[in-house]
Number of protein chains: 2
Amino acid sequence: MTASARLTMEDVTERLGITSRTLHYYEEIGLLPDVARTEGGHRLYDEEMLNRIAHILRLKQVLGASLQEIRDILQAEEELEQIKASYRGESDLDERDRLLDEAAARLQAIIHHIDEKMEKLQAMRQGFGERLERARRLKQGGSE
Amino acid sequence: MTASARLTMEDVTERLGITSRTLHYYEEIGLLPDVARTEGGHRLYDEEMLNRIAHILRLKQVLGASLQEIRDILQAEEELEQIKASYRGESDLDERDRLLDEAAARLQAIIHHIDEKMEKLQAMRQGFGERLERARRLKQGGSE
DNA sequence: ATTCAAGATTACGTTAACGTTAGTTTTGCA
DNA sequence: TGCAAAACTAACGTTAACGTAATCTTGAAT
């Protein structure tokens, strides 16, 4: 359906605020798959690939994950999608469920990690908030 | 009051799960103040300093801040405390309030940054949660 | 057909945040 | 007093995640 418009290197780097070196590097370490090329060798991206890259950048920024950790997360996601895709038409039913459980457990672990992070952030925010509040009260009200 | 027990290097590293090199490094780059020493030159910490170090480690872990950013945050906190401490007995009232506002604004900015981070984390958690949910539904329920 | 900005490859450079010797001195304890 | 464990300083090593420079090739517009 979506004919996936051909995006040039500049398109991608500009829209995502990164440099070409970053894309080269991600491809180099296998974080991104080898992308399509023009006959002359220039890389050609599409929207799906752009989303994938954006996802990686979010995982880095928001989660503060290393590229290695991101690779693991991506792998977990892909496995889950693969299993979901091949869910109908599989022979070994028990094995099928086992694989799905396993992949789901990995996602669950990631979610748990996020939850922990949010709790800690919440606590830290609380601390800063109280400090600020005391300062404000000091300025506004007089004593006690 | 609290006579601040003398903590040895090993006490600190063991309780915080870091190595001595880390403390040396933090001191080296001025993230930690020069600490008390024994007559022989060994470092002596106290509970307050330990809390300070723990705070730094939390900022690193939870916020994912660089040591440079942490230095800025610590400075903002200290300035605020200083102003609070010297609040009574100051001559220039307007200047006093201006300083406090400025320090408060810096803390506010940090808090804002934390809030943004939490929102993004929340969104990401949502995404993962939905993916997981779909997988679970796939396994449990049949079609539809 | 020409041009010239944009892309490719290769390879060395950089920064943060420690790790890891190495060699010397201090300390707490038997 | 003697000694092994723990600390100190100084200096070089390491890893991740790109930056940067050089040189060559492509591709879109004139």
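Each chain gets a letter, A, B and so on, in the order the sequences are listed, and its residues count up from 1. What you see is a predicted model, and the numbers here were worked out from it, not measured in a lab.
Mapping heavy-atom proximity under 4.0 Å, the span of DNA chain C touched by chain B runs 5' to 3' from C:dA17 to C:dT27.
The residue among A:L44 and A:R21 whose nearest nucleotide of DNA chain C is located toward the 5' end is A:L44.
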| request: For each nucleotide in nucleotides 24-30 of chain D, reading 5' to 3', give B when a protein heavy atom comes within less than 4.0 Å of its base, S when such contact involves only the sugar-phosphate, and - otherwise. | output: --SS---
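One atom, CD of B:E10, and another, C1' of D:dA7, lie 10 Å apart when rounded to the nearest Å.
A 4.5 Å side-chain heavy-atom check between B:L99 and B:E79 finds every atom pair outside the cut-off.
A heavy atom closer than 4.0 Å to some atom of DNA chain C occurs in no member of residues 54-70 of chain A.
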| said: I'd like to know whether A:R106 forms a side-chain contact (heavy atoms from CB on, under 4.5 Å) with A:L80, so could you lay out the CA-CA distance, the side-chain angles of the two residues, the decisive distance to 0.1 Å, and finally the verdict. | reply: CA-CA 9 Å; A:R106 293 175 66 184; A:L80 190 63; over 6 Å; no
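For the pair B:T8 and D:dA7, the criterion of a side-chain N or O lying under 4.0 Å from OP1 or OP2 is met. Using a 4.0 Å cut-off, no side-chain N or O of B:S20 falls inside it from OP1 or OP2 of D:dA6.
A salt bridge links A:E78 with A:R52: the distance from a Lys NZ or Arg NE/NH1/NH2 to an Asp or Glu carboxylate oxygen falls below 4.0 Å. Salt-bridge formation is not detected for the pair B:R136/B:E133: no Lys NZ or Arg NE/NH1/NH2 atom is positioned less than 4.0 Å from an Asp or Glu carboxylate oxygen.
Between the A:R71 side chain and the A:I29 main chain, a donor and an acceptor come within less than 3.5 Å of each other. Using modelled atom types, one side-chain atom of B:D11 and one backbone atom of B:T8 make a donor-acceptor pair closer than 3.5 Å.
For the residue pair A:H112/A:Q108, the side-chain donor-acceptor check at 3.5 Å is not satisfied. Under the 3.5 Å distance criterion, with hydrogens and angles disregarded, no donor-acceptor pair is assigned to the side chains of A:N51 and A:E47.
Of the inter-residue distances, the one linking A:M9 atom CE with A:L23 atom CG reads 5.0 Å to the nearest 0.5 angstrom.
Residue-environment remark: CD (A:E116) exceeds the threshold of 12 foreign heavy atoms within 6.0 Å.
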